[in-house]
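Here is the naming used below: chain letters follow the sequence lines, and residue numbers restart at 1 for every chain.
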2 protein chains.
Amino acid sequence: MSGRKPVVALENPGVERAAEFIRDAVSERKVVVVVGNCWVDYRGRASSKLEPGERIVVIKEDGSVLVHRPVGYEPVNWQPAGCLFQTRVVGDVLHVRAIRRKPSESVRISFDRVYLLSAMSLVDRGEFSLHASEEDMQRAILLEPSILEDGLKPITYEKKVEPGFVDVYGVDRNGKLVVVEIKRKTAGRDAALQLARYVDFVKTVANREVRGVLAAPRLARGVQRLLATLGLEFKALDPKKCTEVLRKSETRKLAEFFEEA
Amino acid sequence: MSGRKPVVALENPGVERAAEFIRDAVSERKVVVVVGNCWVDYRGRASSKLEPGERIVVIKEDGSVLVHRPVGYEPVNWQPAGCLFQTRVVGDVLHVRAIRRKPSESVRISFDRVYLLSAMSLVDRGEFSLHASEEDMQRAILLEPSILEDGLKPITYEKKVEPGFVDVYGVDRNGKLVVVEIKRKTAGRDAALQLARYVDFVKTVANREVRGVLAAPRLARGVQRLLATLGLEFKALDPKKCTEVLRKSETRKLAEFFEEA
DNA sequence: TGCTAAATCTCGAAC
DNA sequence: GTTCGAGGTTTAGCA
């Protein structure tokens, strides 16, 4: 732990020193950050020219490049992962060129001054998750059933059936019963089978046709076919859209909703 | 020039020192770059959680924030310009919170170690231009006339006529003469009137019917009606599509093209 | 101000 | 590999 030095930084290196440093760092798959006065020429899907100014340039270990001005969310120039790099000095100017195949394009960044140059070996295994709880998604459907399908009218939720609880239970625009199973992330075979059991149970109790709808951000591989076999349906439901619905209707309470309906 | 120090950097500052440094830099509207081990919680249009890992965080002078992992073009977390910042230390953890109103959201970045911390006053007045010159668009039409309309056959280009030069001059699928006027951006009334003059000239010389086509990314307001009045046509032509055509056919030379035709 | 269309879109999954 | 669709999309152009 104490032996590791994740970041090495140089202040105001000459362009020759900087070129050497960048070449080494890129070949060692390190992340490189360069702050300096530069201009940029891009040619590929489109073409662009950026006149000189002071910017931050990031070269990542996967070969992606970002040129950031002092303002703005977006990079002014960039290149996605997979670039090859050429670094060389011509006169007093350091040229860093990122080359990409398919589509064939290149970004050339030219520095006449480098203020800060650093190379880093970053360890980042942290998981990233976008969440919207299953309960959030359920509440969103109850508040705004049209996000699932037009004309859907929820009757109850968390209804007890044989094997467990039906997430949402309602009637579609044609008066047909609908059982909805919600998954907050990719729905697997288990979700499909669980829904099938619920549908079967409701069918025997109600003694009429029942639709089964699996609502999830996406389906796992092969589950679409399984659903077809089971006579069930899939409806893509974006957790973020649910969060939006909740935010917009956060003044309306669930209780009020059912009173109105 | 020699007195200006655009970038100040600290290596391995403690979190207390880092907090103070960031507070000062942000209040002075400097750009701040932090490299360290951090985790991120976002709540707003959606919600997200990023487990600990080593990343690069950039806070720009306009109040935008970027959290970059060691790979990938896109930031894993971010916030657009206009954020307010809270920086504080709790225990041994440095929390930087970016708050945005409308939509109300916040990103909290928590560091337990900072490897590199720098603040910079960058001067960037350089102009950025995405180009596809009018000449590029002309060459694209000559190489691939179908991007304008099927069956179009160019005869010459830059043809001298009374008031100037016709960009492209050709014959359509029905053998009718066509005069094309190209504009690389929104075409205004002037472009329409210029085209009208060219068409009139060619009509008097050729003594037969002549179509006038204005090729541009779009029309300014009211120009569509003016074109109709003048008996001219508009064809949307995307500069980027032209660049694509040129890239795909860059081995074919213009001369060869005319020899083949 | 809100909507619509484009972006050097990027990114990932399905086919 | 290519195509298709979503994104905390963002951003720019108009009604």
* Asked: Is there a donor-acceptor pair under 3.5 Å between the side chain of A/R173 and the backbone N or O of A/D150?
  -> yes
* Asked: D/dG8 and D/dC4: how far apart are their P atoms, nearest whole angstrom?
  -> 22 Å
* **Separation of the P atoms in C/dT8 and C/dT4, to the nearest angstrom** => 22 Å
* Identify, between A/G72 and B/A46, the residue whose nearest nucleotide on DNA chain D lies closer to the 5' end. => B/A46
* Is any side-chain N or O of B/E74 under 3.5 Å from a base N or O of D/dG7, one able to act as donor and the other as acceptor? -> no
* Sidechain-backbone polar pair: B/K49 side chain, A/S129 backbone, donor-acceptor under 3.5 Å -> no
* Asked: Which of these nucleotides, D/dG8, C/dC11, D/dG13, is closest to any side-chain atom of B/Y42?
  -> D/dG8
* Does B/E105 come within less than 4.0 Å of B/R100, counting only side-chain N to carboxylate O? -> yes
* Asked: Please give, in whole Å, the distance from C/dA6 P to B/L237 CG?
  -> 14 Å
* Structure fact -> 5'-most contact on DNA chain D (nearest-nucleotide basis), B/R218 vs A/K102, goes to A/K102
* Nucleotide D/dC4, atom C1' - distance to CG of A/L219 in whole Å -> 16 Å
* To do: Spell out, as yes or no, whether a donor-acceptor pair under 3.5 Å connects the side chain of B/N37 to the backbone of B/D112.
  => no
* Is there a donor-acceptor pair under 3.5 Å between the side chain of B/R29 and the backbone N or O of B/E61? -> yes
* Whole-Å distance separating the CZ atom of A/R45 from the C1' atom of C/dA7 -> 9 Å
* **Integer-rounded Å distance: C/dC9 P and A/L66 CG** => 16 Å
* Structure fact -> note: A/Y73, atom OH; C/dT10, atom P; distance rounded to Å ~ 12 Å
* Just compare C/dT10, C/dT8, D/dG8 and give me whichever is closest to any side-chain atom of A/P80. => C/dT10
* Asked: Of the nucleotides C/dT10, C/dT8, D/dT10, which has the atom closest to the B/W78 side chain?
  -> D/dT10
* To do: For A/V76 and for A/Q224, find the nucleotide of DNA chain C with the closest heavy atom, then tell me which residue's nucleotide is more 5'.
  => A/V76
* Asked: Could you give the CG-to-P distance, from B/L130 to D/dT10, as a whole number of Å?
  -> 20 Å
* Spacing of B/Q79 atom CD relative to D/dT10 atom C1', expressed in whole Å -> 13 Å
* Asked: Which whole-number value in Å describes the distance from A/L227 CG to C/dA14 P?
  -> 13 Å
